[in-house]
Structure formats: structure tokens, C-alpha cells
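Reading through the C-alpha cells given below for one structure.
Scope of the values below: all heavy atoms of this structure, side chains included, with no hydrogens, waters or symmetry mates. Per chain, numbering begins at 1; letters A, B, ... match sequence-line order.
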There are 2 protein chains.
Amino acid sequence: MTSRDRREREKEALRQEILDAARDLFVQEGYENVSMRRIAEKIDYSPTTIYLYFEDKADLLFHICEETFTKLVTKGEKILAEKTDPLTKVKRIGRNYIEFGLKHPNHYKVTFMVQHSHDELKERYENSMGHRAFELLRSSVEECIKTGIFRKVDPGMASQALWAGVHGITSLLIAKPLFPWVEKQKTIDLVLDSLCAGLSKDKKKSGAAKPARA
Amino acid sequence: MTSRDRREREKEALRQEILDAARDLFVQEGYENVSMRRIAEKIDYSPTTIYLYFEDKADLLFHICEETFTKLVTKGEKILAEKTDPLTKVKRIGRNYIEFGLKHPNHYKVTFMVQHSHDELKERYENSMGHRAFELLRSSVEECIKTGIFRKVDPGMASQALWAGVHGITSLLIAKPLFPWVEKQKTIDLVLDSLCAGLSKDKKKSGAAKPARA
DNA sequence: TGTTATACTTAACATCGTTAAGCGAAATGA
DNA sequence: TCATTTCGCTTAACGATGTTAAGTATAACA
């Protein structure tokens, strides 16, 4: 069955060619500004050919993002496995997340900055790499709580709060490049450090402040 | 010149009619899922009529957002003028911001969650209500620094960090409605409280952590 | 009453994502 | 080796989008 194998290899090659072309265009010009026809043109196939390899445009994008986010998760797992103190790990995972987002703004946008709900894509995205990226953060937070560095808060809640911080600064820097940012790098540090400090033990009184309900 | 006046009044009325129809549809179904034709249909005019009153679809959306965000800013100014302690003000302004975003997700999305850069819309957005909403946050942060509640950090940086937090939780809650959130309300509080605590004085040692550079 | 300006519409353009139908070449069976 | 089936891809088309150009009534004005 050599011929069958070869055909399959060729199919896989074309699939990759499509992915590569699409990634190039998406990264360069953004998802919405790239048409299926342009992708097809780039690889000298008819537009409809793409639909033989991917369900639709969103599906194509999804696979590209998964590919890219795998790198983020891999790096995160490496950090998590290190033998440093948990607090440093949390911050480094956070930084890794932020820097990844800034390095791949178009990928980041589509996985974290657009609402993809009530479509049936629901479960697909739940099991995605984006989700696993959050789980990574969560693991490191749990370590901090277990070792007594963070105070005894709900790990899920604390992770969500930290996620809010890292996602917040990442998405703002992406969405508002014209904003007169002062000290981007230091702001990133400040977000991470402040949030961690706020979650840490020792400091009980944080001013006059009860939870500050309106 | 009564006739001239009347005509002008009628023009203004139609303009508002367009805005109202568009807002309804945008809020209900989201900007991208609403076509100019549908807006026109709703008010029984031809699609092209809209272009006599607004430059294009984005322009239409912009005016709607400004309208809505004015409310946020007004409320924020009211809070800022209150005679409570600065820390409470920061938190209430933060909460106000978050709650506003969750109440008007479609407006929030277009002003804060999409990248509107290198178009010439640049300056327009810089002077927008969204921008003023940030300035509000900044004012309250400056108060906290001046009164010694927050430690001596750059006010711009601290504001950006706080903004990251509130924007982060807001945009995530909007973009990821299917995420298995635990304790949304408490998470909001935790973000605000932790960030403020981290920016506050008293606590020097926040664990073993230097800025955590990778 | 005739002219001009105003408010709006009809028709069309270029483009989009996507589907249905068809075509030629390669693989398969005899 | 020849007929048939399968595979990979394309051509053509559908219905929709935002937007523009050209045209048409009606109202205002002289």
C-alpha cells in the first residue's frame, strides 16, 4: 500500500500548507481582514479546496491557535516543574502568559478576546489549549496556597483573580496600542507583584477597606 | 424661518430614530450580527438613508457608545466627588466600571475589547468617553497616593495596573460566559481588594519575591 | 409658476463565506 | 488491458455584506 501512504502524506502536506499560509496572513493582517479566497490564492488552489481540509474559516483559525498555544502550555509546564519557590513560579507563569500574548496578538485575540459562546463550538473551546493555559496558572496558585505563601482563599477564585490581572494587561496592551502607556514593562511587573502581594499572608489590614460593595 | 427649524428638528428626530434602532439591535445581537439593511428595515427607511446621517457602520456604533459611556463617566464623577476615604472611592469606581461593562457587554466590547489602531480614528477614540473613564480611575488612584494610603508608585503606572485588573475581570466574564466561573461576585471583590492591598503601604515583604523577571 | 435645493430611494458594485455540481486523473478490479 | 469506481480539485453559483453613484420625487424659495 505504498501509493495509499503517499497520497496520505500528500494530503497531510497540503493541509499543512494551508495552515501555514493562513497563519501567515492572519498574523500579518488579522483574522477578519483575510478572506478564504486570499488564502487559497497564496497556495495556488481554489478557495473551495480549503473546505476539504477544514470545516470553515473558524475551524481553520482554531487549529492554528491550538498549534501556537501548545507552545505556551509547554513552556508553562516547564516552569511549573522547576524547583524554585511557588511564588516565583506564579509570577513567571504569569509573565510567560503575558509575553506570549504580546508576541502573538492575533492568536491571543481570537482565543481570549472574542466571545465565542452559544455556538456549538462550546465544548471544543472548553477543552482547548487556552483552557489548559488557565489550568497551569491554577496549579501554581494552588501551590502557593498549600505552602502558606498565599492566604487561605478559594484556589479557583484566586486563580481567576490572577487571570484577570494577566489577561487584563495583555489585552489592553494589544487593544490599545495608541494609549499613552507609561512604563509598560514595569506596569506588567506591578500588576503581578501587587496581585500576589494582595493574595499573600502577613498583611491583614489593607487600609480602611471592607470589600467595598457599592 | 419656522419651516427651516421644523426640518432641522425632523432631521434630528430621524437621527435619533436611527441611533435607537441601531442600539437596540446591537445590544440584542451584537455589532457584527447586525447589518445596515436590518437597521434600515426596522425604521422603514432605505439602507442608504443611514449614510446621510452617519459616515459608516463604525461611526454609527461610535456615537452609540459615546452616549452610553457618558453614563459611566457621570456616575464615576459622582463617586469621585463623594466625601468618603480615597481607598473606598477607588474600589467603588472600579466596581462601577466592572458593573457597567457587564451591564452593557456589547458597548464594552467595542470600546475596550477590539483593536482600533492605525486607522485615522485614532484621535477620535483618544478623546472618547472610554478614555475619560480611565482618567476617572486615575484621579482616584492619585488621591490614594497623595493621602499616603498607597505607597509612592508612579500614579500612571498604578492606574494602569488597576485598570488591567478591572478590565481583565470584566472582559473575561464577557468573553468567556461558558467558563466554569466560581463565585463571580467574590472574584470581582478579590481582584479589587488584592490589587489595592498590593498597592497599599504597610506590607513591605511580600514573600521572597523580587519583581520576578523571567 | 418655474427653479433650485433637499430628503430619500433604486440599482449596482465588489466582496464575503459557503455549497452544489461536475470534471479529469488516478486507483482498482477483471 | 480495459471498464469502473474513487479521489482531489475546480467552476459556478447563492445569498449576504458594507458602501457608492445616479436618479426621483417633494418641499422651499424666487
Worksheet item: Given the side-chain rings of F62(B) and F54(B), with only the six-membered ring counted for Trp, is the space between their centroids under 6.0 Å?
Response: no
Worksheet entry | Between dG18(D) (P) and I39(B) (CD1): distance, integer Å | 8 Å
Practice prompt. On the 0 to 90° scale, with breaks at 30° and 60°, tag the H167(A)-Y108(A) ring pair as parallel, tilted or perpendicular.
Written response: parallel
Worksheet item: What is the distance, rounded to the nearest whole Å, between atom CG of L14(A) and atom C1' of dT10(D)?
Response: 14 Å
Discussion item. Checking A22(A) now: which residues fulfil side chain to side chain contact (heavy atoms under 4.5 Å, CB included) with it, not counting sequence neighbours?
Written reply: F26(A), I39(A), L60(A), I64(A)
Worksheet item: More 5' along DNA chain D: R38(B) or S46(A), using each one's nearest nucleotide?
Response: S46(A)
Practice prompt. Quick one: sort the F179(A) and F134(B) rings into parallel, tilted or perpendicular, breaks at 30° and 60°.
Written response: perpendicular
Fill in: Check: Y53(B) ring centroid to H63(B) ring centroid under 6.0 Å
no
Worksheet item: Between K57(A) and V34(A), is there a donor-acceptor pair closer than 3.5 Å when you use the side chain of the first and the backbone of the second?
Response: yes
Practice prompt. Check whether any side-chain nitrogen or oxygen of Y53(B) sits under 4.0 Å from OP1 or OP2 of dA7(C), and answer yes or no.
Written response: no
Practice prompt. Calculate the interatomic distance between K11(B) atom NZ and dA7(C) atom C1'; express it in whole Å.
Written response: 8 Å
Practice prompt. Measure from CZ on R15(B) to C1' on dC8(C) and round the result to the nearest Å.
Written response: 18 Å
Fill in: Distance, rounded to the nearest Å, where F54(B) contributes CZ and dT19(D) contributes C1'
16 Å
Under 3.5 Å, N/O pairs linking protein and nucleotides 17-22 of chain C:
{"from": "dG17(C)", "atom 1": "OP1", "to": "V34(A)", "atom 2": "O", "distance (Å)": "3.4"}
{"from": "dG17(C)", "atom 1": "OP1", "to": "K57(A)", "atom 2": "NZ", "distance (Å)": "3.0"}
{"from": "dG17(C)", "atom 1": "OP2", "to": "M36(A)", "atom 2": "N", "distance (Å)": "2.9"}
{"from": "dG17(C)", "atom 1": "N7", "to": "R37(A)", "atom 2": "NH1", "distance (Å)": "2.7"}
{"from": "dG17(C)", "atom 1": "O6", "to": "R37(A)", "atom 2": "NH2", "distance (Å)": "2.9"}
{"from": "dT18(C)", "atom 1": "OP2", "to": "Y51(A)", "atom 2": "OH", "distance (Å)": "2.9"}
{"from": "dT18(C)", "atom 1": "OP2", "to": "K57(A)", "atom 2": "N", "distance (Å)": "3.0"}
{"from": "dT18(C)", "atom 1": "O5'", "to": "Y51(A)", "atom 2": "OH", "distance (Å)": "3.4"}
{"from": "dT18(C)", "atom 1": "O4", "to": "R37(A)", "atom 2": "NH2", "distance (Å)": "3.4"}

Practice prompt. For E10(A) and dA26(C), give me the distance from atom CD to atom C1', rounded to whole Å.
Written response: 11 Å
Worksheet item: Separation of E8(A) atom CD from dT6(D) atom C1', in whole Å?
Response: 15 Å
Discussion item. At 4.0 Å (heavy atoms only), tell me whether L52(B) reaches a base, stays on the sugar-phosphate, or touches nothing.
Written reply: base
Discussion item. Nearest whole Å is fine: how far is dA16(D) C1' from N33(B) CG?
Written reply: 13 Å
Response to the item:
Taken in chain and number order and not counting sequence neighbours, the residues that satisfy side chain to side chain contact (heavy atoms under 4.5 Å, CB included) with D24(A) are K42(A)
